[in-house]
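Report on the following structure.
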Amino acid sequence: MDEKILIIADQFSSRVEKRLMRMNLSFSDLCIKAEPASLVSVEVPSGSGTVHLENAADVVIPEWNQFLLAPHEGYDIGSVATGVLERHPEFKQEMKLMKKSADKDDMAQVLYLTVPEVDKARHDVLLEGVKTLTDAFNVQVDSEAAAATVKIAPYLLTATKEDQDEAKKMIADRSDDYKKQAGESADRKKKEIEEAYQKYLEAQAERQSVMDEAQQALNPEVTEKMKMPS
């Protein structure tokens, strides 16, 4: 097979792999818990431009659904909050004062971010986000494959029938493989979303049970019956 065809095929793979990485990074933005990858895309206003969040603040995860952001020297807590808000408006933000160190009284402002629970509405939005990203990736793969096919066409004019079929199959097989990888990533994300939704339902049931018990305790008749021997 002509070496130029192999080069074109490798260029096709390189472009699609980058798109696959971007899709997976976008999946991280569909947050169900506090994960560092969720903040990778956050840009913080600084001067006339922006900087990546990692260059503007330290990030700690004190709870499974919570981030704590401590701005670096020279960065304003408001700018950090603005950067996060632009990328993740769904996060609950709360500014607090915290000691800079255990042996000093100096205080500094920090930002707490809480990832919202996955209720039914959010569950549906997140699943739709996964579908949108996956569908867009598959369209991009088809587009890249079509472009690669056009590029190799001139080199197939004098190629054997066997080489022509092999070249076309190579592009098609790679396309199918990347779509399969995307589908597997999407399935993993959807499973995480479903698990988070079930966790929300269980928490709701527990909260309802506590409320029911409290309501019963406030009802004199129920309280009296509970005291009576069976």
By side-chain contact (heavy atoms from CB on, under 4.5 Å), Pro116 pairs with (sequence neighbours left out) Glu90, Phe91, Arg122
Yes or no on side-chain contact (heavy atoms from CB on, under 4.5 Å) for Asn24 and Leu20, after CA distance, side-chain angles and deciding distance? CA-CA 6 Å; Asn24 285 324; Leu20 183 60; 4.0 Å; yes
So Lys96 and Met98, side-chain contact (heavy atoms from CB on, under 4.5 Å) or not? Walk me through it. CA-CA 6 Å; Lys96 294 184 178 181; Met98 180 176 288; over 6 Å; no
Do side-chain atoms of Gln164 reach the backbone of Leu156 as a donor and acceptor pair under 3.5 angstrom? yes
Residues two or more places apart in sequence or in another chain: which of them pass side chain to side chain donor-acceptor pair (under 3.5 Å) with Lys131? Asp135
Selection residues 150-162 - residue pairs positive for side chain to side chain donor-acceptor pair (under 3.5 Å), sequence neighbours left out: Lys161-Asp165
Check for a donor-acceptor pair, side chain of Gln93 on one end and backbone N or O of Ala81 on the other, with a separation under 3.5 Å. yes
Could you tell me whether Lys179 and Asp176 have a side-chain N and a carboxylate O separated by less than 4.0 Å? no
Evaluation steps, side-chain contact (heavy atoms from CB on, under 4.5 Å), between Val130 and Leu126: CA-CA 6 Å; Val130 173; Leu126 290 171; 5.8 Å; no
Can you run down the salt bridge (Lys or Arg N to Asp or Glu O under 4.0 Å) pairs that involve residues 191-204, sequence neighbours left out, and say none if there aren't any? Lys189-Glu192
Where do Ile8 and Ala148 come nearest, in terms of heavy atoms and distance? CG2-O, 3.9 Å
What I'd like to find out is whether the side chain of Lys33 reaches to under 4.5 Å of the side chain of Val115, using heavy atoms alone. no
Which pairs, with at least one residue in residues 74-89 and sequence neighbours excluded, count as a salt bridge (Lys or Arg N to Asp or Glu O under 4.0 Å)? Asp29-Arg87
Output, in order, the C-alpha distance, side-chain angles, deciding distance and verdict of side-chain contact (heavy atoms from CB on, under 4.5 Å) for Glu43 and His52. CA-CA 5 Å; Glu43 296 280 341; His52 292 300; 2.8 Å; yes
Check: Pro45 main-chain N/O paired with Thr50 side-chain donor or acceptor under 3.5 Å: no
Atom pairs and distances, donor-acceptor, side-chain atoms in residues 58-70, under 3.5 Å, two or more places apart:
unit_1: Asp58; atom_1: OD1; unit_2: His72; atom_2: NE2; d: 3.0
unit_1: Gln66; atom_1: NE2; unit_2: Thr114; atom_2: OG1; d: 3.2

CD of Gln140 to NZ of Lys18, rounded to nearest 0.5 Å, is 14.0 Å
Report yes or no: does Arg15 contribute a side-chain atom to a donor-acceptor pair with the main-chain N or O of Glu144 at less than 3.5 Å? no
Using a 3.5 Å distance criterion without hydrogens, assess whether the side chain of His88 forms a donor-acceptor pair with backbone atoms of Cys31. no
Sidechain-backbone polar pair: Ser143 side chain, Val139 backbone, donor-acceptor under 3.5 Å: no
Using modelled atom types only, decide if a donor and an acceptor are shared between the side chain of Thr149 and the backbone of Ala145 within a distance under 3.5 Å. yes
Between Asp10 and Arg174 (salt bridge meaning N to carboxylate O under 4.0 Å), is one present in this structure? yes
